[in-house]
Amino acid sequence: MRILAIETSCDETSLAIIETDGKQLTVYSHIILSQIDLHRQYGGVFPSLAKREHSRNLVPLLERAAQDPGIFNFQFSISKEISNDQKEKIEKTLEREPELLEQFLDKIVEWPKPKLDAIAVTHGPGLEPALWTGINLAKALSALWDLPVIPVDHMEGHIASTQLSGDENSKLNSKFQTENGKNFLEFDIGNLEFPAVALLVSGGHTELVLMKDWGQYQILGRTLDDAAGEAFDKAARVLDLSYPGGPEISKLANRARQSGLSSPFPLTRPMLNSDDLQFSFSGIKTSVKVQTDRLGELNAEQKAGIAREFEEAVVDTLVAKSETALDETGAQELLVAGGVSANRFLRERLEDTFGLKRIRISPPSLSGDNALMIALAAYRRAEYAPELILNDPAPLAANGQLSLEEPRRINKQVQDPDS
Ligand code: KG4
Ligand code: ZN
């Protein structure tokens, strides 16, 4: 199955073109354009700016992705004329994305139909204005090329990225993304063993999910307040480190461990002894704030020590709850994904605790948001729920709160006003 995947749920605009049979994967193209430099000045992601950037960059990225001659056979096809009906449909679909519409009509409509089977797109969870941009592009391409759309849950995408966790694939990490988006790389897709538990840790989510099979998810626990990545970002702000804070804290913490520096104050491990699989990370960030305020101006050693203590407190909690989740469910494997799974200390602790055979952590280059994971999840969806191959994608809607427990929902649940 050949899939073009689109991911715009947060601050990364990403496209992937792949072919897979569920065992082998060919990546024809994979591009991730990060907006982090633009959002840094706000200390976090600014939704309307994210949407504007997606809208502006999607067509240029698609042009780059389409350089692959195997899929977009420009040389041998004559550019086609589109019907008035199609044009109207495209204009209507993209009416809220004027910049995208202009570029679409200017460039994409002239392309010959590519050799693809489906267009996959993230429809939640995430920032709704940003999600809509990707969905609208998917709908317009579907109208132009007469291709079905497969809606994908962003978190199922993160889970799908752990299929590429093998040693072999990790070695190829750096090649996942190339300058011009072209690479033709071949990968083996790992076979997840069910039941599995997924630890999903990102800027917006922290959850433990029991996965009985593809499409069968039960949330075992989640954060009651801040996500783990969000806690890293907030603690980093307290320490005057730049956004996103996770990698900055991690760098300082590693340095502190190497030099034997410790924190001027201890931090409690949040919810470590709670009798459930819930998390809470807002207290620990407040504790860092209160205790650093008390100390006044921090020197470099103190900062590094605090970063170390903070990282170890978060990681202790993530590892302990994952262990409980595996014990309680009898799951075979722990799947770990999401931006925070790039954290080196977390990866080492997980490997030490569970052993390499029991864990699959997404390759670092795929731990953040990317379209390759969306393409991989789309393939699974097409297998377990063929009704999600939408020949008419009109009903598809963005759902910022989409939950893995409702994998077949494609539109937003509207609350019954009488209930
Ligand atoms: O999955 P992701 O790219 O986007 C969301 O869907 O949220 O996750 C981004 C989050 C940010 O909060 C960032 O600080 C965190 O992942 N992060 C890290 C590391 N790299 C990224 N946190 C800890 N250690 C890291 N090395
Ligand atoms: Zn994510």
Side-chain angles (χ1 to χ4, degrees), residues 10 44 124-126 153-159 162 194-212 216-236 238 245-246 249 266-290 309-343 345-347 349-350 353-354 358-362 367 399-407 413:
C10 193
D153 181 308
H154 181 81
M155 304 316 285
E156 195 175 38
H158 277 302
I159 291 176
T162 66
F194 301 118
V197 164
L199 170 67
L200 303 175
V201 273
S202 68
H205 288 81
T206 297
E207 45 193 38
L208 279 164
V209 183
L210 174 64
M211 183 178 183
K212 294 193 188 117
Q216 292 179 35
Y217 307 101
Q218 183 192 338
I219 313 268
L220 300 170
R222 52 158 63 104
T223 179
L224 302 172
D225 39 59
D226 292 351
E230 194 179 357
F232 268 97
D233 296 339
K234 288 179 175 171
V238 173
I249 293 220
L267 291 167
T268 42
R269 277 45 183 157
M271 310 274 286
L272 196 60
N273 299 314
S274 73
D275 218 7
D276 53 28
L277 294 171
Q278 314 285 36
F279 300 94
S280 164
F281 293 112
S282 82
I284 186 174
K285 162 222 64 190
T286 311
S287 182
V288 172
K289 168 102 181 86
V290 171
E309 177 69 3
F310 175 82
E311 180 175 73
E312 292 181 0
V314 172
V315 168
D316 280 348
T317 308
L318 294 174
V319 172
K321 298 266 167 171
S322 302
E323 204 164 10
T324 311
L326 285 181
D327 287 347
E328 283 183 2
T329 57
Q332 302 297 310
E333 296 190 332
L334 180 69
L335 316 173
V336 190
V340 181
S341 73
N343 184 280
F345 185 66
L346 174 64
R347 297 173 84 91
R349 281 286 308 280
L350 289 167
T353 310
F354 301 106
R358 259 195 115 182
I359 50 170
R360 289 177 195 269
I361 315 182
S362 68
S367 63
N399 184 351
Q401 306 300 322
L402 191 68
S403 161
L404 274 176
E405 286 182 345
E406 296 182 296
Q413 189 157 29

Handout entry: Heavy atoms from other residues, nucleotides or ligands near CG of D327 exceed 12 (cutoff 6.0 Å)
Key = yes
Nearest-0.5 Å distance, [atom1] of residue [X] to [atom2] of residue [Y]:
X	Y	atom1	atom2	result
E406	Q401	CD	CD	11.5 Å
K234	T286	NZ	OG1	8.0 Å
D316	E311	CG	CD	10.5 Å
L210	L277	CG	CG	10.5 Å
L350	R347	CG	CZ	9.0 Å
F310	L267	CZ	CG	8.0 Å

Quick check: closest heavy atoms across [X] and [Y], and the distance to 0.1 Å?
X	Y	answer
S280	P270	O-CB, 3.0 Å
S202	A227	O-CB, 3.5 Å
D225	S282	OD1-N, 3.0 Å
F194	Q332	O-CG, 4.1 Å
G400	P125	O-CB, 3.1 Å
A236	G245	CB-CA, 3.3 Å

Expected output: side-chain [X] to main-chain [Y] donor-acceptor under 3.5 Å:
X	Y	value
E405	I219	yes
K321	D276	yes
K285	D226	no
R222	Q278	no
T206	A228	yes
S322	L318	yes

Flag side-chain contact, heavy atom, 4.5 Å: [X] against [Y]:
X	Y	value
I159	L404	yes
V209	M155	no
Q218	T329	no
F354	E323	yes
L220	E328	no
L335	L200	no
R358	L334	no

Practice task
Would you confirm whether the ring centroid of F281 sits within less than 6.0 angstrom of the ring centroid of F232?
Solution key: no
Practice task
Kindly assign one of parallel, tilted or perpendicular to the pair H154 and H158, based on the angle between their ring planes and the thresholds 30° and 60°.
Solution key: perpendicular
Practice task
Inspect the contact between R269 and E309 and indicate whether a charged nitrogen and a carboxylate oxygen are less than 4.0 angstrom apart.
Solution key: yes
Problem - D153: side chain to side chain donor-acceptor pair (under 3.5 Å) partners, not counting sequence neighbours - result: none
Problem - Among S367, S341, S362, side chain to side chain contact (heavy atoms under 4.5 Å, CB included) partner for V336 - result: S341
